[in-house]
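Convention: sequence-line order gives letters A, B, ...; per-chain numbering from 1.
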Amino acid sequence: MRGAKSAKWVAGAAIIALAATACGGGDSDDSSNASKEKGKPAGYVSIDVGEPQKPLIPADTNESLGSYVIQSLFTQLLDFDADGNIVYTNAESVKSTDNKTWTVKLKSGWKFHDGTPVTSESYIKAWNWYANSKNAQQNAFWFEDIKGYADVHPEKGDPKGTEMSGLKAVDDTTFTIELNNAVPYYEYKLGYTTFAPLPEVFYKDTKAFGQAPVGNGPYIFEKWDHKKLIQVKANPDYQGPNKAKNKGVLFKNYATVEAAYQDLLSGNLDMIRQVGPKDLPKYKTDLGDRAIDEPYAAIQSIVPTFYSKTFKDIDPKVLQGLSMGIDRDTITKTVLNGTRKPATSFTPPGVAGNQDLGTDVFKFDAAKAKQLVTEGGGVPDNKIWIQYNADGGHKEWVTAVCESIRNSTGVDCVPDAKPDFQTDLEARDNDQVKSMYRGGWVADYPVNVNFMRELYGTTAEANNGRFSDKEVDAAFKKGDNAKTLDESIKAYQDAEKLLLEKMPAIPLWEYKTNGGYSKAVDNVTIDFHGDYNITEVTVNK
Amino acid sequence: MGRYVARRLLQMIPVFLGSTALVFAMMYALPGDPVRALAGEQAVDPTQIAEMKKELGLDLPLWHQYWNYLVNLFQGDFGTQIASGRPVADIISEAFPITVRLALFAFIFTVVVGISMGVFAGLKADTLRDRGLLVLTLLLISVPSFVLGFLGQYFFAFQLGWVEPNVSLEATSSELILPAVVLGSLSLAYVARLTRTSVAENLRSDYMRTAVAKGLPRRRIVGVHLMRNSLIPVVTFLGTDLGALLGGAVVTEGIFNVKGVGYNVFDALRHREGATVVGIVTLIVVVYLVASLVVDLLYAVLDPRIRYA
């Protein structure tokens, strides 16, 4: 009776296992009553910020998840308030008389979390390291304005030196930055997370540092449970204006936005960065006053590729026509559930120099749209494609935009899905986009320049539409050569009007943060990036 | 028996090599460059990308990359993730235990509840309770697991408040019960139906009539004579199902925020982290192979007429 015995044994084992799990159940239920959110120390706040892609080194992080954590651990020379105005953090002042040589004065007495002082050298050495092509930092190109960049980051081959000649320390708290050309808005660039200083300990073991960074920011690194959470505690000795008003932060990783939302509702999470499409229609009812619905400095557009058969030597009138053929109001309201606001210019509000172009090119007018497309000579085969990545929730609106264009202008429009963002980027890099792609841009620094020069200049690296126009380049150059920041912004405003005639892209809408927070916290605000000002958040007693 | 097991174990080697090579080739064939993608919509520096690829060995031809991978694997090195720079072994050792627990719970749930339901219905085939079971299992089979997951979350977490909606970071056993039930319910339906049919069929067979005629107690007739023969198809199904539970947890893990194998495979696929995908898939393949070996060996226990040379 071997069989019978085995069967009994198996059943027995199963019962024991079930009994064991039942016991486990009872125990943990008791402990969860004591504190609602498991593993969260008192006074800490939690937010759904997923696993950063890369180790936590300031110049190697350019995605929003990693930069959230970097911003909490490191403080740059300056930061921006909600309106995009400069707020000095680690710097006392940043000044220039000719826009070419900038003098930075640091606030004295600042220390890294390991107790070593923050000096001019902390900045200079870090920037030289970041820029060096040997260290393969993602954001190395941010230092290209600095004189001597070509020595440490040549286009080909090994770097000639390890120091950029443009960076010089005057004393412990003063240093100068000499640029290749005058850049009137350079000060704004310095607010980008990449310009953070590094302590000496970094150079001893860069790998270990990336897993447990030592910064100079409002929070001190505590632990990183990969793919689960990153925990930081408030820095009691922090002297900047953005001192933490809570005791620490848990950056928690969720598999889906829906799961994060469930946890927000059940009180296991304090802040959610973005409500998923499934919960958007009801999140305001669920959260009431605690729902967040605010625009930030980012813009979505569809970008024609000027090398493609469709748009080679196109008359801008056609693009203006296509633009007018898109019913932005209806699409943002219905398809996008009110999570976007129709664009009115090439720049979003929240950046210096954003203006009302006073044009109807971005307004829906089917008759005018059709007329413009016809006047401009139409497009080859009367057909266009819009390329997008299918993994980012873009399918619905691209389909709607195409539908709108087709109905109003009679031009056949086909959504061209790439399975994911990687494939989409590859097609853009290799000039294989059939006619248009979905573009999105979030402000790196809150000046209108960032939404034009980086995207539409002939040699701009993010110009994947390969737009090239001498007049536009000249207009940008005029802005770059302006004497003061105001003049520069003004010149770029003129350039924006020129863009309207050339149509390097069709802006669609501005992004909004649609998030929310739990009853446990208060004072939740967002900055110009659309990120939460975490240091401001307070815990309710 | 010993020789049979040895032969089966040896057969695993070509299957193992073949499946890893296949997954490796498939990852290679996917469009999209993981190194380029790190930069997102920002501008990229081609020399920098070339440099990183060279360092990671991604510039080599496919066969060479696969050879390197195998050589490292036999030295116990699963490779390194491109973006995070973390060893894949770490990722696997974090992800597997939790999914194994989840799959085990689901498996036990499937076995215990599924077989009892099947026997319960099969003994009284074509009665009301049998029909009821058929309808219930039909529902389970036809409702996608994400619907079941969200429904479970809605009722048990938000309406009744018995559980938290998500599995927390500690992933305690009590939290895993609901996801395990959702994960196991599809196989539960199949197990119940298989058992039911098998039982109903064997009830009418000659040896059952003989057993009844001999005057054996009913417990013995059902428990030994009937069950032994009826369980053979069920065990076959359960064996392959264990592997499927491990790999197929993507949706369930996503809904309940379980940081297990499913979530990690999905994440790695999205970021084109070839080494991670190959590593995890390889382990799932091994689980499959072992499970099917155990199933084959169990046949002999259930039916002594089946013998292995």
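Heavy atoms closer than 4.5 Å to chain A are found nowhere in B:Phe107, neither backbone nor side chain. Heavy atoms of B:Glu253 lying under 4.5 Å from chain A belong exclusively to its backbone. Neither the backbone nor the side chain of B:Phe266 comes within less than 4.5 Å of any heavy atom in chain A. Neither the backbone nor the side chain of A:Glu63 comes within contact range of chain B; no heavy atoms are under 4.5 Å apart.
A donor-acceptor pair under 3.5 Å links the side-chain atoms of A:Gln422 to the main chain of B:Arg270, judged by distance alone.
Residues A:Asp420 and B:Arg272 form a side-chain contact, since some pair of their non-hydrogen atoms from C-beta on lies under 4.5 Å apart.
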Given B:Tyr263 and A:Asn253, is the side-chain contact (heavy atoms from CB on, under 4.5 Å) satisfied, shown in steps? CA-CA 12 Å; B:Tyr263 166 78; A:Asn253 183 2; 3.0 Å; yes
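How far CG of B:Asp90 is from NE2 of A:His226: 8.0 Å, rounded to the nearest 0.5 Å. Note that CG of A:Asn268 and CG of B:Asn257 are 10.5 Å apart. Values are rounded to the nearest 0.5 Å. Taking NE2 from B:His271 and CZ from A:Phe421, the interatomic distance works out to 10.5 Å, rounded to the nearest 0.5 Å. Interatomic distance, B:Ile49 CD1 to A:Asp429 CG, rounded to the nearest 0.5 Å: 7.0 Å. Atom CG of B:Asn166 and atom CD of A:Glu258 lie 10.5 Å apart (nearest 0.5 Å).
Scanning both residues, A:Ser266 and B:Pro165, for their nearest heavy atoms gives OG-CG, 3.3 Å. Scanning all heavy atoms of the two residues, the minimum distance from A:Ala255 to B:Lys259 falls at N-CE, 4.0 Å.
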